[in-house]
Amino acid sequence: IKTVNVEKIYTSFDVDTVALNKVNLEIEQGEFVSIMGPSGCGKSTLLNLISLMDLPTRGEVFFMEQSTSKMSDRKRAEFRRKYIGFVFQNFNLIEELSVYENIELPLVYLRMPPSERAQRVRAVMERLDVAHKQRFFPMQLSGGHQQRVAVARAIVASPLVLFADEPTGNLDSKHGQEVMEILSELNEAGTTVVMVTHSTANAEFANRIIQLFDGHIVTGKVNQYSF
Ligand code: ADP
Ligand code: ADP
């Protein structure tokens, strides 16, 4: 992943907000990167750009050496399905689908044959220790289990990069620690992990910390957070 002079400006009610200003960064395959900084500094915006969910106002985001703004919408969606997994703070599971069906969904979108889907879903449910919950619906699970299901869904298609936006934000410390250990294991097995977090404890799992402040990357140590 590479960004070159990336700017993101949101315009609402004729007011411009510069969310990112000339951001340059590179993330190599296999890294575990944590993006930190105070509320409103542009962390989620940056994550959305490098996970191909949104496009910059100016500058370029490269994913696997391809400029995302030059890709067609279709190509970008295909890249997301094939190469990217995403874990959210609020889990974002589909309430009408069972645990099994939630995890299977990305494979349905990839048009994988049913027998291969079943194999993959079973393997990933075992790995995340949620197989015993497969017939449950998200509302019937604790937050810790919901996030494990969400991680299972994010990795079932074997993405190259796993993005996580405050993955432990709605979890108690025990379940938060569990999720961080899972992300760490996935990284050790070769998946690139890019995580946004407020938590210095979480950031310690990363190999590298990118500090954002007012839409800029700041180098060196920042020891002051404002929430
Ligand atoms: P963080 O994730 O670090 O809290 P965000 O990326 O969410 O920061 O936001 C960066 C800035 O952009 C903030 O000033 C925020 O209010 C603004 N912003 C984010 N999303 C939008 C949007 N959709 N419309 C207008 N302003 C936005
Ligand atoms: P563990 O500590 O083993 O991860 P929890 O103590 O979080 O498990 O939860 C055990 C089980 O209790 C959950 O899998 C779920 O079935 C049920 N449970 C916990 N919290 C809730 C909740 N808020 N709503 C519904 N069910 C819950």
Side-chain angles (χ1 to χ4, degrees), residues 1-27 31-63 67-69 71 73 76-77 79-80 84-93 143 146-147 150-151 154 159 161-173 176 179-180 183 187 192-227:
I1 298 164
K2 184 175 175 180
T3 74
V4 179
N5 291 329
V6 158
E7 295 181 34
K8 183 69 180 182
I9 299 169
Y10 294 108
T11 305
S12 54
F13 302 108
D14 288 332
V15 177
D16 284 354
T17 304
V18 181
L20 293 175
N21 191 3
K22 301 223 165 58
V23 169
N24 291 288
L25 67 83
E26 255 178 275
I27 299 171
E31 277 198 275
F32 188 154
V33 171
S34 177
I35 300 172
M36 298 193 79
S39 243
C41 71
K43 301 182 296 294
S44 297
T45 300
L46 180 59
L47 206 64
N48 290 343
L49 295 179
I50 62 181
S51 65
L52 318 196
M53 287 209 283
D54 199 0
L55 291 172
T57 310
R58 278 189 281 275
E60 293 271 14
V61 174
F62 295 91
F63 190 91
S67 160
T68 63
S69 57
M71 285 180 198
D73 290 349
R76 224 171 15 250
F79 262 55
R80 280 184 56 80
I84 290 176
F86 210 110
V87 177
F88 304 87
Q89 175 170 3
N90 58 0
F91 321 132
N92 277 18
L93 296 169
Q146 287 190 56
Q147 195 60 305
V151 173
V161 190
L162 182 61
F163 292 95
D165 196 347
E166 298 278 13
T168 67
N170 282 322
L171 302 179
D172 60 40
S173 60
V179 165
M180 288 311 304
L183 296 187
N187 175 251
T192 308
V193 179
V194 183
M195 169 181 69
V196 160
T197 187
H198 267 123
S199 151
T200 46
N202 283 358
E204 278 171 15
F205 286 85
N207 312 123
R208 179 155 67 105
I209 295 173
I210 294 174
Q211 281 283 358
L212 275 184
F213 190 78
D214 284 354
H216 293 277
I217 291 182
V218 286
T219 45
K221 205 169 160 65
V222 170
N223 51 22
Q224 189 189 330
Y225 296 96
S226 49
F227 295 100

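One-based numbering, in listed order, for ligands and for the atoms of each. The figures here come from the full heavy-atom set of this structure, side chains too, leaving out hydrogens, waters and symmetry mates. Since this is a predicted model, take the numbers as computed values, not measurements.
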Asker: Does atom 15 (C) of ligand 1 have any protein heavy atom closer than 4.0 Å?
Answerer: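 When distances to the protein are checked, atom 15 (C) of ligand 1 has no heavy atom within 4.0 Å.
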Asker: Below 4.0 angstrom from a heavy atom of Ala19, which ligand 1 atoms are there? Numbered from 1 as shown, please.
Answerer: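 Every atom of ligand 1 under 4.0 Å from some heavy atom of Ala19: 10 (C), 11 (C), 12 (O).
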Asker: Would you mind listing which atoms of ligand 1 come within a distance below 4.0 Å of any non-hydrogen atom of Ser39?
Answerer: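 Reading through ligand 1 atom by atom, the close ones are 4 (O).
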Asker: For the atom pair OG1 (Thr3) and CG (Asn24), what is the distance rounded to the nearest 0.5 Å?
Answerer: 5.5 Å
Asker: If you measure every N/O of Lys43 against every N/O of ligand 1, is any gap under 3.5 Å?
Answerer: yes
Asker: Quick check for you: to the nearest 0.5 Å, what is the distance between Phe163 atom CZ and Leu46 atom CG?
Answerer: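 The distance works out to 9.0 Å.
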Asker: From atom 3 (O) of ligand 1, is the closest protein heavy-atom distance below 4.0 Å?
Answerer: yes
Asker: List the closest protein heavy-atom neighbour of atom 11 (C) of ligand 1: residue, atom name, distance to the nearest 0.1 Å.
Answerer: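 Atom 11 (C) of ligand 1 sits closest to the protein heavy atom Gly40 O, 3.6 Å.
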Asker: Indicate yes or no: does an N/O atom of Thr45 lie under 3.5 Å from an N/O atom of ligand 1?
Answerer: yes
Asker: Using a 4.0 Å cutoff against the non-hydrogen atoms of Thr17, which atoms of ligand 1 qualify?
Answerer: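 Near Thr17, the atoms of ligand 1 are 12 (O), 14 (O), 17 (C).
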Asker: How long is the straight-line distance from CD1 of Ile35 back to CD1 of Ile209, given to the nearest 0.5 Å?
Answerer: 11.5 Å
Asker: Between OG1 of Thr68 and CZ of Phe79, what distance do you get to the nearest 0.5 Å?
Answerer: 10.0 Å
Asker: If you measure from CG on Asp165 to CG on Asn92, what distance do you get to the nearest 0.5 Å?
Answerer: 10.0 Å
Asker: Mind checking the CD1-CZ spacing from Ile27 to Phe62? Nearest 0.5 Å is all I need.
Answerer: 14.5 Å
